[in-house]
Asks: 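Would you mind keeping the following structure in view while I ask a few things?
In what follows, every chain begins at residue 1, and chains take the letters A, B, ... in the order their sequences are listed.
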There are 2 protein chains.
Amino acid sequence: MVDSTGLEQMVCFQLYAASRAMTAAYRPALDAHGLTYPQYLALRVLWHRGPTTVRDLGHHLDLDSGTLSPLLKRLETAGHVRRERGTADERTVVVHPTESGTRLRDDLGDLPRRIACATDLTDDEFRRLHHLLSRLRGTT
Amino acid sequence: MVDSTGLEQMVCFQLYAASRAMTAAYRPALDAHGLTYPQYLALRVLWHRGPTTVRDLGHHLDLDSGTLSPLLKRLETAGHVRRERGTADERTVVVHPTESGTRLRDDLGDLPRRIACATDLTDDEFRRLHHLLSRLRGTT
DNA sequence: CAGATACCGGTTGTGCGCAACTAAATTGGG
DNA sequence: CCCAATTTAGTTGCGCACAACCGGTATCTG
């Protein structure tokens, strides 16, 4: 399980660097709308699922309330999101996309595809990368 | 270039999540020595290259002085690193690993291998991941 | 040589990530 | 039914990342 070329070290650093490079690739388009990449990820969940509790957002994004609470507060201040206490369970907070938040989908919905096209990875390479990263996530 | 299954979005998020999961995997071992993952990366460069300017550290880690300066100051406070002005070019600052910093290599030098073994990726999968991430980095 | 330009490291300000903790609400067991 | 344990969101504190900017140094040009 893993040879002795120091590849493990390389892969860990590559993940760290690639992740930052990817969010940097998103930055210009997102900046134009005053969004950050994590905020964009949260909006994508809301576009896909509609009103969602903070808890479920956390499960989808692998983030806890310590990260999400201030992030959602900023999205709310920007007018893209509305928060209200759950009625059945008053511990929960349901996050609703607003008109403004929903409209962002028109401009930013296909951003991942545009970013991917700027890459010169082939279709097949993308699929293999997806598969390998899935295997990685399954075990760490 | 990239199909329409939404794979691009998945891969971007996977990189973001995998990077965080990887640093989380390093955390217990690094915590035991009071280090963070970026600090560990900086130390690895110093172990490999010896005394290095802030500028070169930045090139190796893809980080700017805004990130490195405070990080190195903390490493210096912890006693793992010493900083001194370059003699030839007084703009530069050369970062030297101290005895303490060098000794960390005994405990943490093979950490990437230990982390990689906790994964159940095969040798070959690791190589393919390395290759795909290299291709990604080349273009973004 | 002198002034403009570029380079190097540092500082400031903002927004994550994450650990540790808190307050309020819910749930479960006796 | 009541109290302990759990769940949920929020807050605080710290360390990155990164943009924007600064002061000091070196280099390039005329």
Asks: Can you tell me if B:Ser69 uses its side chain to pair, donor with acceptor, with the backbone of B:Gly66 under 3.5 Å?
Replies: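 No; judged by distance alone, with no hydrogens or angles, the pair does not exist.
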Asks: When you measure only distances, ignoring hydrogens and angles, does the side chain of B:Thr36 come within 3.5 Å of the base of D:dG15 through a donor and an acceptor?
Replies: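 Not at all, since no donor on one side and acceptor on the other fall under 3.5 Å apart.
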Asks: Report which part of the nucleic acid A:Thr23 touches: base, sugar-phosphate, or nothing (heavy-atom distance under 4.0 Å, all strands).
Replies: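 Since no nucleic acid heavy atom lies under 4.0 Å of A:Thr23, the category is nothing.
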Asks: Compare all side-chain heavy atoms of B:Asp56 with those of B:Val45 and state whether any distance is below 4.5 angstrom.
Replies: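 In short, these two side chains do not touch, never coming nearer than 4.5 Å.
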Asks: Could you check how far CG of A:Leu30 sits from P of C:dG15, rounded to whole Å?
Replies: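 A:Leu30 atom CG is separated from C:dG15 atom P by 14 Å.
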Asks: OP1 or OP2 of D:dA17 less than 4.0 angstrom from a side-chain nitrogen or oxygen of B:Thr67, does that happen here?
Replies: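 So the side chain of B:Thr67 is outside the cut-off, no N or O lying under 4.0 Å from OP1 or OP2 of D:dA17.
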Asks: Please confirm whether any donor atom in the side chain of B:Arg55 sits under 3.5 Å from an acceptor in the base of C:dC8, or the reverse.
Replies: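 Side chain to base: no pair present.
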Asks: If only atom types and distance count, is the side chain of B:Arg55 paired as donor or acceptor with the main-chain N or O of B:Thr92 below 3.5 Å?
Replies: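 No; zero donor-acceptor contacts below 3.5 Å.
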Asks: In this structure, how many angstroms lie between the P atom of C:dA19 and the CG atom of B:Asp31, rounded?
Replies: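 Answer to the nearest Å: 9 Å.
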Asks: Below the 4.0 Å mark, does C:dG10 have OP1 or OP2 next to a side-chain nitrogen or oxygen of B:Arg83?
Replies: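 So the side-chain polar atoms of B:Arg83 do come within 4.0 Å of the phosphate oxygens OP1 or OP2 of C:dG10, strictly under.
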Asks: Figure out the CG/P separation between A:Asp64 and D:dT11, and round it to whole Å.
Replies: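 So the two atoms are 14 Å apart, to the nearest Å.
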Asks: Counting only side-chain N and O atoms of B:Gln39, is one of them less than 4.0 Å from OP1 or OP2 of D:dC16?
Replies: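 So the side chain of B:Gln39 is within the cut-off, an N or O lying under 4.0 Å from OP1 or OP2 of D:dC16.
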Asks: State whether B:Lys73 places a side-chain N or O below 4.0 Å from either non-bridging phosphate oxygen (OP1 or OP2) of C:dT11.
Replies: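 It does, given that an N or O in the side chain of B:Lys73 lies less than 4.0 Å from OP1 or OP2 of C:dT11.
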Asks: Could you give the CG-to-P distance, from A:Leu71 to D:dA17, as a whole number of Å?
Replies: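 The answer, rounded to whole Å, is 17 Å.
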Asks: What is the separation between atom CG on A:Leu35 and atom P on C:dT14, rounded to the nearest whole Å?
Replies: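 After rounding, the gap between these two atoms is 18 Å.
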Asks: Looking at C:dA19, I'd like to know if its phosphate oxygens (OP1 or OP2) sit under 4.0 Å from a side-chain N or O belonging to B:Arg27.
Replies: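 So the side-chain polar atoms of B:Arg27 do come within 4.0 Å of the phosphate oxygens OP1 or OP2 of C:dA19, strictly under.
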Asks: In this structure, would A:Trp47 and A:Val94 fall into the same cluster of hydrophobic residues linked by side-chain contacts under 4.5 Å?
Replies: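 Unlinked, A:Trp47 and A:Val94 end up in two clusters.
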Asks: Atom CZ of A:Arg85 to atom C1' of C:dA23: distance rounded to whole Å?
Replies: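 After rounding, the gap between these two atoms is 10 Å.
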Asks: For A:Ala88, which contact category applies under a 4.0 Å heavy-atom criterion: base, sugar-phosphate, or nothing?
Replies: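 Sugar-phosphate, no base atom in range.
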Asks: Can you confirm whether the side chains of A:Ser100 and A:His80 place a donor and an acceptor under 3.5 Å from each other?
Replies: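 Yes.
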Asks: Could you check B:Ser65 against A:Leu68 and say which one's nearest nucleotide on DNA chain D is further toward the 5' end?
Replies: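 Nearer the 5' end of the strand: A:Leu68.
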Asks: Between A:Gly66 and A:Arg20, just flag the one whose closest nucleotide in DNA chain D comes earlier from the 5' side.
Replies: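 Result of the comparison: A:Gly66.
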Asks: For A:Ser69, which contact category applies under a 4.0 Å heavy-atom criterion: base, sugar-phosphate, or nothing?
Replies: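 A:Ser69: base contact, heavy atoms under 4.0 Å.
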Asks: Is any side-chain N or O of A:Arg91 closer than 4.0 Å to OP1 or OP2 of D:dG10?
Replies: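 No.
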Asks: Taking only side-chain nitrogens and oxygens of A:Tyr16, does any of them come within less than 4.0 Å of OP1 or OP2 of D:dC16?
Replies: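 Checking A:Tyr16 against D:dC16: no side-chain N or O falls below 4.0 Å of OP1 or OP2.
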Asks: D:dT8 P sits how many Å from A:Glu84 CD, rounded?
Replies: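 Between P of D:dT8 and CD of A:Glu84: 18 Å.
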Asks: So does B:Arg74 get a side-chain nitrogen or oxygen closer than 4.0 Å to the phosphate oxygens (OP1/OP2) of D:dC16?
Replies: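 Checking B:Arg74 against D:dC16: at least one side-chain N or O falls below 4.0 Å of OP1 or OP2.
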Asks: Just compare D:dA9, D:dT25, C:dC8 and give me whichever is closest to any side-chain atom of B:Glu90.
Replies: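 For B:Glu90, the side-chain atoms sit closest to D:dT25.
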Asks: Assign the ring pair B:Tyr26 / B:Tyr37 to parallel, tilted or perpendicular, where the plane angle (0 to 90°) is split at 30° and 60°.
Replies: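 Judged by the thresholds at 30° and 60°, the geometry between B:Tyr26 and B:Tyr37 is tilted.
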